[in-house]
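The block underneath contains the structure these notes are about, expressed in structure tokens.
A, B, ... follow the sequence lines: proteins, then strands. Residue 1 opens every chain.
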2 protein chains.
Amino acid sequence: MKLSTKGHYGLKAMYDLALHYGNDPIPLKTVAERQRLSENYLEQLIATLRRAGLVKSVRGAQGGYILARSPEDITVGDVIRVLEGPIAPLECVSEEYLGDCDQFHYCISRNVWTKVRDSIVEVLDSISLADMCREAEEIKQSRK
Amino acid sequence: MKLSTKGHYGLKAMYDLALHYGNDPIPLKTVAERQRLSENYLEQLIATLRRAGLVKSVRGAQGGYILARSPEDITVGDVIRVLEGPIAPLECVSEEYLGDCDQFHYCISRNVWTKVRDSIVEVLDSISLADMCREAEEIKQSRK
DNA sequence: AAAAATCCCTAGTAAAAAACTAGGGATTAA
DNA sequence: TTAATCCCTAGTTTTTTACTAGGGATTTTT
């Protein structure tokens, strides 16, 4: 039940873009440094996010990446689905399952994992990047 | 965010033992056949469950395995923790974390994963093997 | 025009984990 | 004594993970 580094690092990167959201694109190098991630590896992750339409890129000097939508309109669930695939502890409980498990219709353990999936989905879809930024801000304030 | 076959198969085996819970131990071969699992592999999983005190074994002919406690008193969470380790999408949100992530105290993405963990834990700890058996019974009834 | 800063793409790789398989030993009931 | 079990551990294959490497394309700056 572990998240891979794709989801882990990818969310950090998206959070970083959200924290610095504005008119200017942010070079990946900067994100990688701030979040302490390998730039080359992050490049692969952000390519996936770009193809999925969650970030836009600007090429050339002074280029970089920028969120395709407002941080308010991107949820953690959006990011994780793109990087980790369908949210589901088992394949047979993914929303897009077309499989052929012959116990599909009465598998009791499957029902358990469906409930787990639903509870994960509810959490991930309820948190936006903007929520994360606000939380960071609150922590910052409470330390003053 | 995938469960491994350990948790998957292990839960099926425990559910099978719960369905047939009584005075007699159940040979692993029977469980493996009913749940369509490799007996050799299942042996390794049940050894882990036995060492953790969730099942008892009876050796020799007519031997087998039996739940160490009533199905009412064993939750899915118990089984999964034994087979998959601490429930946590990331190491740093496991209950036993002693690590040294320097962002530990203010990491926002960590807060997200803590919420996910809590929601998974709540589901897994709220379902007992007996609940699973009851659900199976209901499905059976509703088909008549 | 040249140089520098970026994004873009793909192939390769090393390490780890997952998912078993295999087989022999110990114990106990029939 | 035999057969049915559990018990244990070593080995293997496959898959996944988590990168690294490097060259090309595009755009801004000098």
Rounding to a whole Å, what distance do you find between [X]:[atom1] and [N]:[atom2]?
| X | N | atom1 | atom2 | answer |
| --- | --- | --- | --- | --- |
| B/Leu42 | D/dT5 | CG | C1' | 14 Å |
| B/Glu43 | D/dA10 | CD | P | 16 Å |
| B/Lys2 | C/dA17 | NZ | C1' | 16 Å |
| B/Leu49 | D/dC8 | CG | P | 14 Å |
| B/Arg51 | D/dC8 | CZ | C1' | 8 Å |
| A/Leu45 | D/dT17 | CG | P | 12 Å |

Selection residues 2-17 of chain B - residue pairs positive for salt bridge (charged side-chain N to carboxylate O under 4.0 Å, His left out), sequence neighbours left out: B/Asp16-B/Arg34
Salt bridge (charged side-chain N to carboxylate O under 4.0 Å, His left out) pairs touching residues 127-136 of chain A, sequence neighbours excluded, are A/Glu72-A/Arg134, A/Asp131-A/Arg134, A/Glu135-B/Lys115
Can you give me the N/O atom pairs linking the protein to nucleotides 2-6 of chain C at distances under 3.5 Å, or say none if there are none?
from  : atom 1 : to      : atom 2 : distance (Å)
C/dA5 : N3     : A/Ala61 : N      : 3.4

For A/Glu39, which residues count as a side chain to side chain contact (heavy atoms under 4.5 Å, CB included) partner, sequence neighbours excluded?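 With sequence neighbours excluded, A/Glu39 shows a side chain to side chain contact (heavy atoms under 4.5 Å, CB included) to A/Lys29, A/Ala32, given in chain and number order.
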Residue set satisfying side chain to side chain contact (heavy atoms under 4.5 Å, CB included) with B/Arg81, at least two apart, ordered chain then number -> B/Ile87, B/Val121, B/Asp125
What is the distance from atom OH of B/Tyr21 to atom SG of B/Cys133, rounded to the nearest 0.5 Å? 11.5 Å
If you measure from OH on B/Tyr106 to CZ on A/Arg143, what distance do you get to the nearest 0.5 Å? 8.0 Å
Protein N or O to nucleotides 18-21 of chain C N or O, pairs below 3.5 Å:
from   : atom 1 : to      : atom 2 : distance (Å)
C/dA19 : OP2    : B/Thr5  : N      : 3.0
C/dA19 : OP2    : B/Thr5  : OG1    : 2.8
C/dA19 : O5'    : B/Thr5  : OG1    : 3.4
C/dC20 : OP2    : B/Tyr9  : OH     : 2.9
C/dT21 : OP2    : B/Ser38 : OG     : 3.2
C/dT21 : O4     : B/Gln44 : NE2    : 2.3

For B/Arg50 and D/dC8, is the shortest distance between a side-chain N/O and OP1 or OP2 below 4.0 Å? yes
Could you walk me through whether A/Tyr65 and A/Val31 pass the side-chain contact (heavy atoms from CB on, under 4.5 Å) test, one step at a time? CA-CA 9 Å; A/Tyr65 291 92; A/Val31 174; over 6 Å; no
Side-chain (B/Arg117) to main-chain (B/Val93) donor-acceptor, under 3.5 angstrom: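 Yes, B/Arg117 side chain to B/Val93 backbone: donor-acceptor pair under 3.5 Å.
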